[in-house]
J.: 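After the structure tokens below, expect a handful of questions from me.
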Amino acid sequence: MATASIITTTLPPSPRRTYLTSFHKPCKPLTRTLTKPSPIPTTRVQYSSGSNVVNLHSAIQLVQLSPPTWESAVFSNLLIFLVGSPVLVTGLSVSGIVAAFLLGTLTWRGFGPSGFLLVAVYFVIGTAVTKVKMAQKEAQGVAEKGKGRRGPGSVIGSSAAGCVCALLSIYGVGGKSFTRLWELGFVASFCTKLSDTVSSEIGKAYGKTTYLVTTFKVVPRGTEGAVSVEGTVAGVLASILLASIGCLLGKIKVAEVVVCVLASQIANVGESVIGAVLQDKEGFKWLTNDAVNVINISLGSILAILIQQFLLQYWLP
């Protein structure tokens, strides 16, 4: 037993313990490497930036999909009219701008930003063609008054049918099944008026020969009820252009582009007949250009709706 005790006491340290100690020392740098903080802030910044882009895109989609309100209509029109005032003053009088603001607000509320954009395109094209060869038109006495700047009567005469369609849409007259019809009537009314304006202004500027629509006798440019080949072709093209834009904006279907163009041309012929037969005649002094415009665009709007309902409802999906 004594011998065993001496062996236990004098036993040298275990080489395994020495090995383990030396093993842990080189592991420390490895441990520090593994626990070194990862570049989390950089990752978070990138994620936050991407998240902001996604949120902005979502916000834009929300605005586009949200139904327009009177508040958004008034605010949007104020902003657009302030930014676009240099353009507005070239085509409208001060009172005309006020009337256009009311029209724009009603349009935005009824048909949203896309409806407003359609009217804006109509205004820009209509103003541009009115300025074509203005000096020549003034010399011939056929130019629009005030250098082509339209007043409230002209604005109302150009938009009355569209405003009625907007109101019918706002108050849900006829239910959801009629919503598309009011949009169609809205687009058709402005196609009709733009076609009328372009054909008249281009005809007065470039028409070589103008004919009275009821008798086809040659008459001077600017005669009520007179038409020209140049003006008629330009008016048809303008109607096709605006109807196509309405289709791209989702207001009408592809087949309804044809409906709008057809209705606008029939209405314009009717307007020319009214001008030739009744306007400036005894007992019809009240039938001013603005009154004829209201009849014209109303006819175009109503015709488009009737054609869609009775001729296309079985072919359109």
Side-chain angles (χ1 to χ4, degrees), residues 60 63-64 68-163 166 186-187 189-206 231 234-235 237-246 248-249 251 289-290 293 297:
I60 293 174
V63 171
Q64 292 175 336
T69 63
W70 286 113
E71 291 80 5
S72 66
V74 173
F75 175 78
S76 300
N77 272 264
L78 279 174
L79 181 61
I80 293 172
F81 270 59
L82 287 174
V83 174
S85 56
V87 177
L88 290 172
V89 296
T90 63
L92 296 170
S93 64
V94 175
S95 55
I97 291 176
V98 174
F101 177 81
L102 297 177
L103 163 65
T105 301
L106 183 59
T107 299
W108 192 292
R109 176 62 181 85
F111 300 113
S114 57
F116 182 92
L117 181 58
L118 186 78
V119 177
V121 172
Y122 154 78
F123 171 76
V124 171
I125 297 176
T127 300
V129 296
T130 302
K131 304 292 184 182
V132 172
K133 290 194 174 184
M134 178 59 72
Q136 172 187 305
K137 294 175 185 175
E138 289 178 332
Q140 295 174 347
V142 295
E144 290 290 328
K145 298 177 181 180
K147 297 289 184 180
R149 298 174 69 202
R150 314 276 179 167
S154 179
V155 173
I156 296 172
S158 302
S159 63
C163 290
F186 173 80
V187 175
S189 70
F190 283 100
C191 287
T192 301
K193 185 57 191 138
L194 182 63
S195 179
D196 175 49
T197 300
V198 171
S199 61
S200 176
E201 296 299 332
I202 295 300
K204 288 186 287 187
Y206 297 103
L237 294 177
S239 181
I240 293 173
L241 175 61
L242 195 63
S244 300
I245 292 174
L248 292 174
L249 292 173
K251 310 313 292 182
N289 284 336
D290 294 335
N293 285 337
I297 61 177

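These figures come from a predicted structure and were not determined experimentally.
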J.: Between Ser158 (side chain only) and Ser154 (backbone N and O only), is there a donor and an acceptor less than 3.5 Å apart?
T.: yes
J.: Can you tell which of Thr105, Asn77, Val121, Leu249 makes a side-chain contact (heavy atoms from CB on, under 4.5 Å) with Phe116?
T.: Asn77
J.: Within the 4.5 Å heavy-atom criterion, are Phe190 and Ile297 side-chain neighbours or not?
T.: no
J.: Under the criterion side-chain hydrogen bond (donor to acceptor under 3.5 Å, both in side chains), which of Lys204, Lys137, Arg150 is the partner of Thr130?
T.: Arg150
J.: If only atom types and distance count, is the side chain of Lys193 paired as donor or acceptor with the main-chain N or O of Gly157 below 3.5 Å?
T.: no
J.: Do Tyr206 and Val132 come close enough that some side-chain heavy atom pair is under 4.5 Å?
T.: yes
J.: We want to know whether Thr69 and Ser72 form a side-chain donor-acceptor pair, criterion being a heavy-atom distance below 3.5 angstrom.
T.: yes
J.: Does Gly235 offer a backbone N or O that forms a donor-acceptor pair with the side chain of Ser195 under 3.5 Å?
T.: yes
J.: Which heavy atom of Ser189 sits nearest a heavy atom of Ala161, and at what distance?
T.: CB-CB, 3.9 Å
J.: Does the side chain of Leu103 reach to within under 4.5 Å of the side chain of Trp108, using non-hydrogen atoms?
T.: no
J.: Please name the pair of heavy atoms, one in Cys163 and one in Leu106, separated by the smallest distance, quoted to 0.1 Å.
T.: CB-CD2, 3.6 Å
J.: Between Lys251 and Phe111 (side chain of the first, backbone of the second, donor and acceptor by atom type, cut-off under 3.5 Å), is there such a pair?
T.: yes
J.: Is there a side-chain contact between Leu241 and Ile125 (heavy atoms, below 4.5 Å)?
T.: yes
J.: Is a side-chain N or O of Ser76 found less than 3.5 angstrom from the main chain of Ala73, in a donor-acceptor match?
T.: no
J.: Tell me whether Arg149 is salt-bridged to Glu144, with the criterion being a basic N under 4.0 Å from an acidic carboxylate O.
T.: no
J.: Looking only at atom types and distance, does a side-chain atom of Asp196 sit under 3.5 Å from a main-chain N or O of Thr192, one as donor and one as acceptor?
T.: no
J.: Examine distances only and state if a side-chain atom of Ser159 and a backbone atom of Val155 form a donor-acceptor pair shorter than 3.5 Å.
T.: yes
J.: If you define the side chain from C-beta out and look only at heavy atoms, does anything of Phe186 sit under 4.5 Å from Thr107?
T.: yes
J.: Measure across Ser95 and Pro152 and return the closest heavy-atom pair with its distance rounded to 0.1 Å.
T.: OG-CD, 3.0 Å
J.: Search all heavy atoms of Met134 against all heavy atoms of Ala143 and return the closest pair with its distance.
T.: SD-CB, 3.7 Å
